[in-house]
Amino acid sequence: MNTAAPARDDIVDAALLIAERIGWEAVRLHQVAAQLGITLDDIRRHFREKEELVDAWFDRADAAMLQAATPPGFTQQPARLRLQQLMMAWFAALAPHRRVTRDMILGKLEPGHLHVQIPGLLRVSRTVQWLREAAGRDATFVRRALEETALTTIYLASFAHWLNDESLDAERTRRFVERRLTEAERLDQLVFRSASPARADEAATRKPRADEMPRP
């Protein structure tokens, strides 16, 4: 038995390797312990249940996405390009185990798995929030809510597309993300830029209040 304390990443990596052979559904924590030469209690110190390994796997993708926002000049790019690069970095982090990742998602979608589906929704929201932060998005109120909704839709649709993308370096997914973000950008400009003249006209025709009247 290995006496060294296992790292979280070692446990996740071992589970992924086993899943590549037998599928994620068939993976059991006692198999992971045997693979690493540790006890189940060693695993319990890091993960309370198998499902938490899935969260740890997606945490890696979040970390890779945030790291993609650090190179010099990143923030000077158009918002659409920043979002595209961040999303593709998220997918690239999962690419070594794409089939296992697909199995993880399918497991969450099985009927009766509300105990993992509800936390899964929170997981999506968390990733989208990190995506907005990394891209430097700072919209507020209605525009923020609409942006979050649009990004969540694009992220989920792109994720589903990527799960079945066999193209080199996920090129089909990259183009899919680019198209969706371009459409969202055009819609945003249409809604909010067209509203600006209306506000300007309203300001021009509004009668000044008494305290705004010029003094003699």
Side-chain angles (χ1 to χ4, degrees), residues 6-17 19-20 24 27 32 43 45-75 77-109 113 115-139 144-145 147-165 169-171 173-174 176-178 180-181 184:
R8 284 175 58 89
D9 284 347
D10 293 336
I11 295 171
V12 174
D13 288 339
L16 289 168
L17 288 176
E20 288 289 353
W24 181 252
V27 172
V32 178
I43 293 179
R45 293 170 187 172
H46 294 287
F47 302 102
R48 294 170 297 180
E49 60 181 354
K50 175 184 167 182
E51 192 61 31
E52 290 191 353
L53 273 70
V54 178
D55 284 337
W57 177 229
F58 289 138
D59 281 343
R60 289 192 193 181
D62 287 352
M65 178 177 67
L66 297 179
Q67 188 64 32
T70 60
F74 177 81
T75 56
Q77 298 180 95
R80 174 174 49 80
L81 293 181
R82 296 199 302 269
L83 289 166
Q84 179 182 337
Q85 290 177 24
L86 292 169
M87 291 179 66
M88 293 309 299
W90 197 88
F91 296 136
L94 303 177
H97 297 286
R98 183 162 56 88
R99 182 182 62 81
V100 175
T101 302
R102 183 168 61 240
D103 291 346
M104 291 173 175
I105 297 301
L106 292 176
K108 287 179 177 290
L109 296 177
H113 283 195
H115 63 292
V116 297
Q117 291 166 357
I118 294 175
L121 293 176
L122 298 177
R123 162 92 244 177
V124 168
S125 176
R126 185 161 69 246
T127 294
V128 170
Q129 292 304 323
W130 281 123
L131 174 62
R132 294 185 68 252
E133 291 286 350
R137 305 301 295 160
D138 55 6
R144 174 192 57 77
E147 182 179 280
E148 288 179 358
T149 300
L151 277 179
T152 299
T153 302
I154 293 171
Y155 161 72
L156 290 174
S158 300
F159 192 13
H161 192 87
W162 174 83
L163 287 172
N164 297 286
D165 185 358
D169 295 328
E171 177 61 21
T173 299
R174 188 195 64 77
F176 181 88
V177 172
E178 182 179 14
R180 300 293 85 78
L181 289 173

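Worth knowing before you read on, the calculation uses all heavy atoms, side chains too, and leaves out hydrogens, waters and symmetry mates.
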Q: Take R60 and D9, measure what salt bridge (Lys or Arg N to Asp or Glu O under 4.0 Å) needs, and give me the verdict at the end.
A: CA-CA 9 Å; R60 289 192 193 181; D9 284 347; 3.6 Å; yes
Q | CD on E171 to CG on D165, rounded to 0.5 Å | A | 9.0 Å
**Q.** Ring centres under 6.0 angstrom apart (W90, F159)
**A.** yes
Q. How many angstroms lie between atom CG of D13 and atom CG of L53, to the nearest 0.5 angstrom?
A. 10.0 Å
Q: Verify, without hydrogens or angle tests, whether H46 (side chain) and P6 (backbone) share a donor-acceptor contact under 3.5 angstrom.
A: yes
Q | Check against side chain to side chain contact (heavy atoms under 4.5 Å, CB included), L16 and M104 | A | CA-CA 11 Å; L16 289 168; M104 291 173 175; 3.7 Å; yes
Q: Mind telling me whether Y155 and F91 have parallel, tilted or perpendicular rings, with 30° and 60° as the class edges?
A: parallel
(Q) Is it the case that over 12 heavy atoms from other parts of the model lie below 6.0 angstrom from the CD atom of Q117? (A) yes
Q) Atom CG in L106, atom CG in L163: separation rounded to 0.5 Å? A) 8.0 Å
**Q.** Minimum-distance pair of heavy atoms, taken over all atoms of R80 and L181
**A.** O-CD1, 3.6 Å
**Q.** Audit row: R8, F47, side chain to side chain contact (heavy atoms under 4.5 Å, CB included) steps and yes/no
**A.** CA-CA 8 Å; R8 284 175 58 89; F47 302 102; 3.5 Å; yes
**Q.** Closest contact, heavy atoms only, I11 versus V32
**A.** O-CG1, 3.8 Å
Q) Looking only at heavy atoms, what is the nearest atom pair of T173 and S158, with distance? A) CG2-O, 4.0 Å
Q: Give, for atom CD of Q84 and atom CD1 of I154, the distance between the pair rounded to the nearest 0.5 Å.
A: 11.0 Å
Q. Taking R102 for the side chain and N164 for the main chain, is one N or O donor matched with an acceptor at less than 3.5 Å?
A. no
(Q) Please give me the minimum heavy-atom distance between W162 and A170, naming the atom from each residue. (A) CD1-CB, 3.8 Å
Q. Nearest 0.5 Å, what's the CH2-NE2 distance between W24 and H97?
A. 10.5 Å
Q. Where is the tightest heavy-atom contact between R99 and A19, given as atom of each residue plus distance?
A. NH2-O, 3.4 Å
Q. Hey, are D169 and R174 close enough for a salt bridge, meaning a charged N less than 4.0 Å from a carboxylate O?
A. no
Q: Please name all residues satisfying side chain to side chain contact (heavy atoms under 4.5 Å, CB included) with L121, sequence neighbours left out, ordered by chain then number.
A: none
Q: For V54 and R123, run side chain to side chain contact (heavy atoms under 4.5 Å, CB included): C-alpha distance rounded to whole Å, both residues' side-chain angles, the deciding distance at 0.1 Å, then the answer.
A: CA-CA 11 Å; V54 178; R123 162 92 244 177; over 6 Å; no
Q.
Please give me the minimum heavy-atom distance between L86 and A135, naming the atom from each residue.
A. CD1-N, 3.5 Å
Q.
Using modelled atom types and a 3.5 Å cut-off, is there a donor and acceptor pairing between side-chain atoms of R132 and backbone atoms of R144?
A. no
